[in-house]
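The figures that follow rest on heavy atoms only: side chains count, while hydrogens, waters and symmetry mates do not. In what follows, every chain begins at residue 1, and chains take the letters A, B, ... in the order their sequences are listed.
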2 protein chains.
Amino acid sequence: MRESQAAEPRPYHHGDLRRALVDAARRLLENEGPSALSLRAVAREAGVSPAAPYHHFKDKGELLDAVAHEGWLMLDQAMAAAKAAAEGPAKLTAIGLSYVCFARDNPALYRVMYDAARDKEALPMETKDGEDSAYCKVRNTMVELGADPGMETDLELATIAAWCGAHGLAEMAGFRQFDHLKQALGGEEPFLRAVLNHLGLFPGTRPAC
Amino acid sequence: MRESQAAEPRPYHHGDLRRALVDAARRLLENEGPSALSLRAVAREAGVSPAAPYHHFKDKGELLDAVAHEGWLMLDQAMAAAKAAAEGPAKLTAIGLSYVCFARDNPALYRVMYDAARDKEALPMETKDGEDSAYCKVRNTMVELGADPGMETDLELATIAAWCGAHGLAEMAGFRQFDHLKQALGGEEPFLRAVLNHLGLFPGTRPAC
DNA sequence: TTCTTATTTGAACACCGCTAAGATAGCGGC
DNA sequence: GCCGCTATCTTAGCGGTGTTCAAATAAGAA
């Protein structure tokens with residue numbers, strides 16, 4: 001591993017500037033926040049001129065897309081790990097909790113991920129390897145927990161509802177106005193679990209009206 | 001009312017540039033989208049120099065705060081109207097639907113509203129008139145529908161869960177990947193209603209596990 | 001070696017948020 | 001009426017941004 005990982009897209013001068021730019025962007029994002037993520041700053045961080053990135057990305061948005069893609073991969077992994085670590089119906093809550101915790105621990109990256117999704121007007125539905133996306137993992141878990149895969153619309157609706165709840169909670173969990181409630185419940189994780197339990201996560205268990 | 005509403009902040013040269021700037025910003029937001037909402041563009045739209053806004057707003061963020069504030073007032077009104085038009089338990093779904101429709105019809109404004117909220121790390125909890133905010137309206141509705149106001153944490157959790165679900169749906173409802181589901185359900189509004197019904201909106205009705 | 005092509009640079013353009021200095025216009029006191 | 005006074009607005013400018021383009025450079029092919 002002489003120059004980190006390279007050799008796949010046939011680097012010329014730099015080694016693998018595309019890779020280096022995405023890494024620099026993630027570094028900036030973590031250290032300085034999303035407002036510091038200018039294309040020029042990324043180039044500076046990677047040690048190249050402001051015009052260099054344009055030979056690897058059409059524009060700034062495409063670089064952000066690449067960053068977002070890595071974010072979705074990380075989220076996938078976190079959710080898969082949480083699912084594997086839990087048993088039975090607790091799997092769903094565990095997945096939701098891992099989702100919200102990922103957003104809490106990577107707020108800038110999470111923002112970039114959803115900005116990209118809004119631009120495309122779609123959530124990523126499959127990873128590069130053809131594997132199921134995080135969204136599909138939630139749906140699969142629903143089926144494993146007893147949702148009828150024949151009732152496709154109901155299954156899809158339950159998945160969407162769960163995803164919406166988790167995303168909303170991820171965006172709102174940091175708001176200060178909930179601090180007293182977290183304290184009353186004994187910490188942040190109990191608070192998150194409590195809200196998740198209030199959401200109608202399980203298919204077929206919603207109130208009839 | 002000679003020059004629209006004025007006389008409160010004692011305008012000098014322009015009449016009421018502050019008001020005009022917020023209006024110009026809302027006009028730009030609606031016509032050109034959030035990315036076109038630069039402070040200079042707002043000044044241009046209002047017919048003043050790029051430096052003029054700084055005598056009425058500390059910086060760009062403060063102007064956006066003013067725009068966001070008007071957005072929250074509009075959302076308040078929409079939710080209040082929806083609540084008044086529905087009866088019984090349908091009130092909650094009606095409120096949720098009005099929330100999501102507001103976001104759909106004013107996507108750029110909705111974005112500005114939540115950007116401001118994230119900066120402050122809080123949702124607006126009361127309007128200028130001391131009236132209850134949209135968030136409080138949801139909680140009040142929960143009580144009217146039978147939630148026990150004595151169980152304060154449970155009431156709060158239910159309110160948060162409902163708000164999270166509505167916000168998540170508002171952000172996700174426009175994604176193209178749900179088009180086929182909307183079609184299967186007979187349109188967008190049935191789709192929104194279906195997702196809202198899948199969310200655990202009502203306090204005390206969540207599954208026991 | 002020479003040719004070709006991918007990569008990177010440096011300079012430039014238009015736009016951005018923001019600041020400072022000066023011009024302008026409405027107000028209160030005389 | 002006139003005179004400050006102060007709020008308002010403009011002009012000019014700073015450093016930063018995304019993006020383009022011609023020139024320079026370096027790697028591989030012939």
Peer 1: In whole angstrom, what separates B:D59's CG from C:dG17's P?
Peer 2: 11 Å
Peer 1: Can you check whether B:H56 has a side-chain N or O nearer than 4.0 Å to OP1 or OP2 of D:dC9?
Peer 2: yes
Peer 1: What integer distance in Å separates A:R19:CZ from C:dT7:C1'?
Peer 2: 19 Å
Peer 1: Please report the interatomic distance CG(A:D179) to CD(A:E188), rounded to the nearest 0.5 Å.
Peer 2: 9.0 Å
Peer 1: Should B:R44 be listed as having a side-chain N or O under 4.0 Å from OP1 or OP2 of C:dC16?
Peer 2: yes
Peer 1: Let me know, please, whether B:A41 or A:G47 comes out on the 5' side of the other along DNA chain C by nearest nucleotide.
Peer 2: A:G47
Peer 1: Rounded to whole angstrom units, what separation is found between the CG atom of B:D16 and the P atom of D:dA7?
Peer 2: 17 Å
Peer 1: Between C:dC18 atom P and B:E62 atom CD, what is the distance in whole Å?
Peer 2: 11 Å
Peer 1: Using a 3.5 Å distance criterion without hydrogens, assess whether the side chain of A:E62 forms a donor-acceptor pair with backbone atoms of A:K58.
Peer 2: yes
Peer 1: Find the distance A:E45:CD to D:dG16:C1' and express it as a whole number of Å.
Peer 2: 17 Å
Peer 1: Is a side-chain donor or acceptor of B:E156 paired with a backbone partner of B:E152 at a separation under 3.5 angstrom?
Peer 2: no
Peer 1: Below 4.0 angstrom, N of the basic side chain to O of the carboxylate: do B:K120 and B:D65 qualify?
Peer 2: yes
Peer 1: Start at the 5' end of DNA chain C and walk down; is the nucleotide closest to A:V48 or to A:R40 reached first?
Peer 2: A:V48
Peer 1: Could you check how far NE2 of B:H55 sits from P of C:dG26, rounded to whole Å?
Peer 2: 16 Å
Peer 1: I want to verify a distance call: between D:dC9, C:dC18, C:dG10, whose nearest atom is closest to the A:A51 side chain?
Peer 2: C:dG10
Peer 1: Should B:E70 and B:R19 count as an ion pair when the cut-off is N to O under 4.0 Å?
Peer 2: yes
Peer 1: For B:S38, answer base if it contacts any base atom (sugar-phosphate contacts may also be present), sugar-phosphate if it contacts only those atoms, and nothing otherwise; contact means non-hydrogen atoms under 4.0 Å.
Peer 2: sugar-phosphate
Peer 1: In whole angstroms, how far is the P atom of C:dG17 from the CG atom of B:L39?
Peer 2: 5 Å
Peer 1: Taking atom P of C:dC18 as reference, at what distance in whole Å does atom CG of B:L63 sit?
Peer 2: 10 Å
